[in-house]
Amino acid sequence: MSSEQHPPDASEEEEYEQSGESFPRMQEEKRKVQTKLENGEGIGWDGQTLRGQFEDLEEKTEKTGHYAGFEKLSLKDENPIEYEQMFAQLRGELVNARETSKEVAATPIVEQEGELCYGLFTPEGDSIAISTGIIVHIHTMSEAIKYMINHDYEESPGIEPGDIFVNNDTHVGNVHPCDIATLIPIFHEGELIAWAGGVNHVIDTGAVGPGSMNVSQASRFGDGAYYTARKIGEELEIYNSWKNDFPDKTRTPDFLKLDERTRMTGCLMIRNAVNDLIDDYGIEKFKQLSREAIEDGRRGFRSRIQKTMLPGTYRGASFVDALYEGQKNLSRAYASENHLMHAPSELHVREDGSFQVSFEGANKWGWHPYNCTPAAIQGGIWVMLTQTVIPNKLVNDGAYYSCDFHLPEGSWANTQNTETAHAYAWHFLVSAWAPLWQHLSRGYFSRGFREEINAGNANTSNWLQGGGIDQFDKLHAVNSFEAACEGTGARYVDDGEPHAAAIWNPEGDMGDAEVWEMTEPLPFLGRNVKPNTGGAGRRTGGAGFESMRTIKDVSRWLLYEMGNGYMSSDSGLFGGYPAASGYILNAQDTDLKERFENGEDYPQSDLDPESGDFESKIEGEITRRPEGISTPKEFDDYDMYLNYLRGGSGLGDPLEREPEKVVEDIHDGYVLPRHAKDAYAVVVNKVDDEAKHNSAVQGEWELDEEATEELREERMEEREERAQPVSEWYEDERLRIRDDEDLIEDVKKTYESSMRMSKQFTEFYCDFWELPDDFRFSLSEDAEKSLENRFKTGMKKKWKNPTKSHETWLGVGRDDEPEVPYTWTSERSIQDLSGPDASFETASKEPATDDD
Amino acid sequence: MPESYPREHIEDLVDDNLEWSELHNMMSDFKDADRFQQVRDVLQERVDWDDPIVIPYADHLYVVAKSEDRWVIKCDCGHEFCEHDENWKHDALINVRDTEEEYLEIYPEDMHPHPDYMELREYFCPGCQTLLEVTNVMPGYPIIHEFEPDIETFYEDWIGEPIPTPETQSA
C-alpha cells in the first residue's frame, strides 16, 4: 500500500485538526471517492459500480451454492485463531456500541428494555456480525441497503463517505414504521467496504392516533411518517431540512432527536472499530473475513440442523383475531369489520439441512395495521432462529442464505401493496411464528435433544398505548414496553419462564415501574403475576403478569388496547394447552380520588376476573370485555386501565403433572385453586386464609393425595366416555361444513379469503372434507364486498428491481426440490390478481372520520 | 472437545432426573453427536414391547419397525395407530371444547378463546387415554398432519446407520 493511499496517520490527523477540518479520515475518503467518480469508476471494489458488484455476488452465490462463490474458507482454515480474533473483535465492538449508545436515549424503551440493535453489513447489504438486542431488525436493514443499491442510489442521491441514511418504510426493509434505522456507509481507499446500521423502536411516528403502534387506521396514510431509505445528511452532519422537519412529524420530538443521536453514536463507534480492524489486519483480510463469516454462518446453520433436527415436513397453523366491527374512531368506515389471520405454516427441512418456510394458504391482507412485508416476516423468523437454532456469536445472514421463504403475494404476509397499513405488524407475524417453534421442537424431540424443546412463545400483548397532554402540560405519547416481558412456552424439561421475555427481544425486561412513571402520567396501582395465563400441561407455560394503572394530571388523553382476545395464537405441544387469551378492563369516571383521600381500599389487580374483586373496590363506569383490541378512547384523571400481559403455552398431558407442583403453582400465584381440580385433576384443601407464599389472595392450600389419585383415575375413564373416535367426529363435521351450517360469518370469510388466494389450500380443504370441487362458503353481502374490495386493490409494488433472493417470495422452493409429501403442492397457486385499480371503488359512501 | 455424554446422564435426561443446572449446561454446552442413538437405546429399554424404535415421534409416540419396510406409529402403551406417513390423529379419540362451559374448566372467564372463533381439539390415545395433542383451530379446519419425517434420508445420509428392523433388533 502506498503512502498516498494510506489513511491519515496520527500526524496527518493533527494537520487536519489544525486546518479546522472535522472527521479527517472521512474527508480524505470523500476526496478519493470523488476522484474515482470523476474518472467514471464506481464505489464498489476494483472500480465496479455497487449495482454491478451486487449482481456479481448474486450470480456467484447461485452458481456455486456458496456465498459469493467462497467454496473455501481460507482465512478460517489457514489461520483460525486470527479469524476468531477478528470476528470476536467486531462482535465485541458491536455489543459495545449498543451498550454505550443506549445511554444516550431518553425513553425507557431503549434505555430500560434495550430496544436497540446494531449490525455490520457487507457493501451488498448482507450482515456480517451483529450486536445483542432486538436483532429482528438486522435482516430488515439488509433489505433497506439492497433497496438502495437496486434503485441506483449510487447515482442519485449518491453514496459517499459521511452520508447518513434513514429508513422506516416497511416495504423497503422494516417491520413497522416505529422502528427507525440509521445506516452509514464505511469507505476505505475510495471503496465502499461495509455499512454500519442501527435500529431502535421510537415512541411515536405521528400516526393518526398517539403511540408508536396506533390501531385505528386503515391504510399507510394513517400509519405515521414513512421515510423511504432517505439520505438525511452528509459529511456526518444532518441536513437542516431534516432537523427542521423530522421532529415536527411526531408527538415526542425530543425523544426522537435523542433516539437519532443514539443510533448515530453507535454507527460511528462501529465505523471507528472497522477502521481500527483494517489498520490492524489490512483491508484484504477484512474483505476476506466479511465474505467468509457469512459463508461460515451459512454452513454452520445447515450443520446444526443436520445435527439436531430430522429431515422432513413439519406443519401447523395459527390464527389471531382483530375485531373492528363496531369500533369507534376508525379512520375509514369501510374498516369497520372483523379480521382473522390465517397462517398455515409449513417447514420443509431439506436433506442438505436448509429450510423452506411456506405460508401458502395465508389469507388476504386487510384494511388494518397488522399487515406484513417479506422483510418483516424474514426478520421475525430470523430472530426466532437465532434463539434456538444458532444460539451463538456467529449469527449473520449466513442463516438467511440457508432459508427460502414462500410468502404468497397479496397475503397479509406479503401485501406488495404500498397502501396497506403496518403499524402493528407484530400482532400477525408473532402469532404466525407460533408453529415454527413447534416444528423445531418436534425435530429436537426425535433427535433426543429434549433440553431444546419449547412449546411456543407468548402472544405479545397487551400494548398499553396512547397520549395527549401529559403531567408536564406537554403533548406526549406513551407506549408501555412491559410487553417485552411475557411468559415463555413450556420446555420439555421444565416449566416455561414466568414473566420473563418476549420472542422479539432476546433480552426482554418489563422495566422498572418507577422509570415508566417518570415518563408516563400513568401511576402503577399494582403489578402482579397473572394466574392461569400460562397454558396447562405436564410442564406449564410461563405465567404472564398484569399492571393496574391509573391516569393523573392529563388532558385530551387517549388510551387503547391491542392483543388477541377471541383466539389464542399459541398452541400447546404434546397435549399441553394454549396460553390464555386476553380481555379488556378499564374504569372511567371513578371514585378513586375519594378513596385515596379517605384511605379506603381500591383495586390493585384483577387476578381472577370472575371474583368480582375489582368491581367491589371501585365505583364508576366499568368496561370488561373479552376482546383484545380497542381503538383510542378518551380517559381522564383517576380513570383506570389494566395492562395484562400473556403467558406461554403448555406441554404434555396436564394429568401427568406432579400434584405437588400444582400446589406450588397455587402458592406462587400461577394457578387459581379451582383450576387445580378442573385442569389438573388435583384435589387441594384450603388450610389457612392467610397466605404464606407469594400468592396474596389465595391463602394456604394442602394436597389431598388420596382424593387426587381417585380423581385422576375417574378422569381417565371420563375421557373415554367423553371423547369419540375421530372417524365418527369427521362424519358429523363434514356434513356441517358441506351444508354450510353453524360457522359464523367471520370464520367463513377467512376460509373464503384463503381459498381465493390459494388453489392448493382450496384443494387441500375440499379433499380433506370430501367436498365438491366447486364448493364455496356462502357469504353475506358485506363479507363479499369486503373481499372484493381487497382483491380489486391489486398490487402496488415498491421494489422495481427485485433481487434474485426475492424470487423465493414468489415461487415455492428451488428447482431441485426433492419429492416430499407437501400438504399444499409445489405448484404455484395464487389466482390472478387484478392490476392497480382504484382502491376505494367499493368503499362505503359514509364519510371518512379523519384525514387518513 | 467431548462428543458424548455418559450413558447415565442420558438416562437421567430421559427419566427426567436432571437438575436444572445440569439441563442448563446441556443447553449451553456441546451437542453430542450420538444423542439420537443413546436416547433411542434408553427408550427401547423403557418400553414394554419389542418392536424396534425407528424414531421417537412425539411424547408417548414412536415410529417402530414392524418389518424391514413397514413402519408404524405406536404409543408407549402398545396401541398402534397407523403407517408412519399417515396422520395418527385420524385413529385417535377426540374431544372438542367449543362451549364457554368447557373452556371455563381450563381458563378463567374472559381469558379463553371465543367458541365461535376457535375450538380446542383434544386427541387421546384409544389404548391408554393419554392426552397426546391439543390443537386450537378455527371451527371447520382440517386436521393438521404435523410431522412427516424423512426417515430414509435421516438414517442413510445424516447419521449413516441402517434403519432398525425386527431382525437386527433381535440379533
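We name chains A, B, ... by the order of the sequence lines, and we start the count at 1 in each one.
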Counting only heavy atoms closer than 4.5 Å, note whether [X] contacts chain A via side chain, backbone, both or neither.
X         : value
Leu120(B) : side chain
Thr135(B) : neither
Tyr62(B)  : neither
Val96(B)  : side chain
Tyr57(B)  : backbone
Ile159(B) : side chain
Asp116(B) : both
Glu119(B) : side chain
Ile106(B) : both

Please state whether the side chain, the backbone, both or neither of [X] comes within less than 4.5 Å of a heavy atom of chain B.
X         : result
Val349(A) : side chain
Tyr492(A) : side chain
Glu451(A) : both
Ile305(A) : both
Pro531(A) : backbone

Between [options], which shows the greatest number of heavy-atom pairs under 4.5 Å with chain A?
options                                   : result
Met138(B), Met118(B), Met26(B), Glu122(B) : Met138(B)
Pro126(B), Pro149(B), Pro142(B)           : Pro142(B)
Asp157(B), Ile10(B), Leu104(B)            : Leu104(B)
Val134(B), Ile94(B), Val14(B)             : Ile94(B)
Asp91(B), Asn95(B), Asp59(B), Asp85(B)    : Asp59(B)
His90(B), Glu109(B), His60(B), Glu133(B)  : Glu133(B)

Tell me, do [X] and [Y] make a side-chain contact under 4.5 Å, heavy atoms counted?
X         : Y         : result
Asp16(B)  : Arg539(A) : yes
Lys66(B)  : Lys74(B)  : yes
Ser571(A) : Tyr577(A) : no
Tyr117(B) : Asp746(A) : yes
Gln37(B)  : Glu161(B) : yes

What's the separation between atom [atom1] in [X] and atom [atom2] in [Y], rounded to the nearest 0.5 Å?
X        : Y         : atom1 : atom2 : result
Phe81(B) : Leu132(B) : CZ    : CG    : 5.5 Å
Thr99(B) : Glu105(B) : OG1   : CD    : 8.0 Å
Leu23(B) : Leu13(B)  : CG    : CG    : 7.0 Å

Given Arg712(A), Arg538(A), Arg719(A), the one that forms salt bridge (charged side-chain N to carboxylate O under 4.0 Å, His left out) with Asp653(A):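 Exactly one option meets the salt bridge (charged side-chain N to carboxylate O under 4.0 Å, His left out) with Asp653(A), and it is Arg719(A).
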[X], [atom1]: over 12 other non-hydrogen atoms inside 6.0 angstrom:
X         : atom1 : answer
Glu741(A) : CD    : yes
Asp50(B)  : CG    : no
Glu658(A) : CD    : no

Can you find a side-chain donor-acceptor pair between [X] and [Y] that sits under 3.5 Å?
X         : Y         : result
His342(A) : Asn363(A) : no
Ser568(A) : Asp570(A) : no
Tyr107(B) : Ser581(A) : no

Give the member of [options] that has the highest number of heavy-atom pairs under 4.5 Å with chain B.
options                                    : answer
Leu340(A), Leu585(A), Thr308(A), Leu651(A) : Leu340(A)
Tyr314(A), Tyr730(A), Phe445(A)            : Phe445(A)
Tyr583(A), Phe574(A), Tyr644(A)            : Phe574(A)
Pro626(A), Pro311(A), Ala679(A)            : Pro311(A)
Met716(A), Glu717(A), Gln724(A), Glu720(A) : Gln724(A)
Gly576(A), Pro654(A), Gly652(A)            : Gly576(A)

Pair Thr153(B)-Asp150(B), side chain to side chain donor-acceptor pair (under 3.5 Å): steps then yes or no = CA-CA 6 Å; Thr153(B) 296; Asp150(B) 181 354; 2.7 Å; yes
Are Lys89(B) and Tyr123(B) in a cation-pi contact, defined as NZ or CZ under 6.0 Å from the six-membered ring centre and within 45° of the axis?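 Yes, Lys89(B) lies over the aromatic ring of Tyr123(B).
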**Request:** Any chance you could lay out the ring-ring contact (aromatic ring centres under 6.0 Å, His included) test for Tyr566(A) and Phe319(A), step after step, and finish with the verdict?
**Result:** CA-CA 10 Å; Tyr566(A) 274 24; Phe319(A) 310 85; over 10 Å; no
*Which residues in residues 38-49 of chain B have any heavy atom lying under 4.5 Å from a heavy atom of chain A?*
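At a heavy-atom separation under 4.5 Å, chain A is reached by Val39(B), Leu43(B).
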Test Ile143(B) against Asn87(B) for side chain to side chain contact (heavy atoms under 4.5 Å, CB included), laying out the working first. CA-CA 9 Å; Ile143(B) 297 175; Asn87(B) 195 348; 3.5 Å; yes
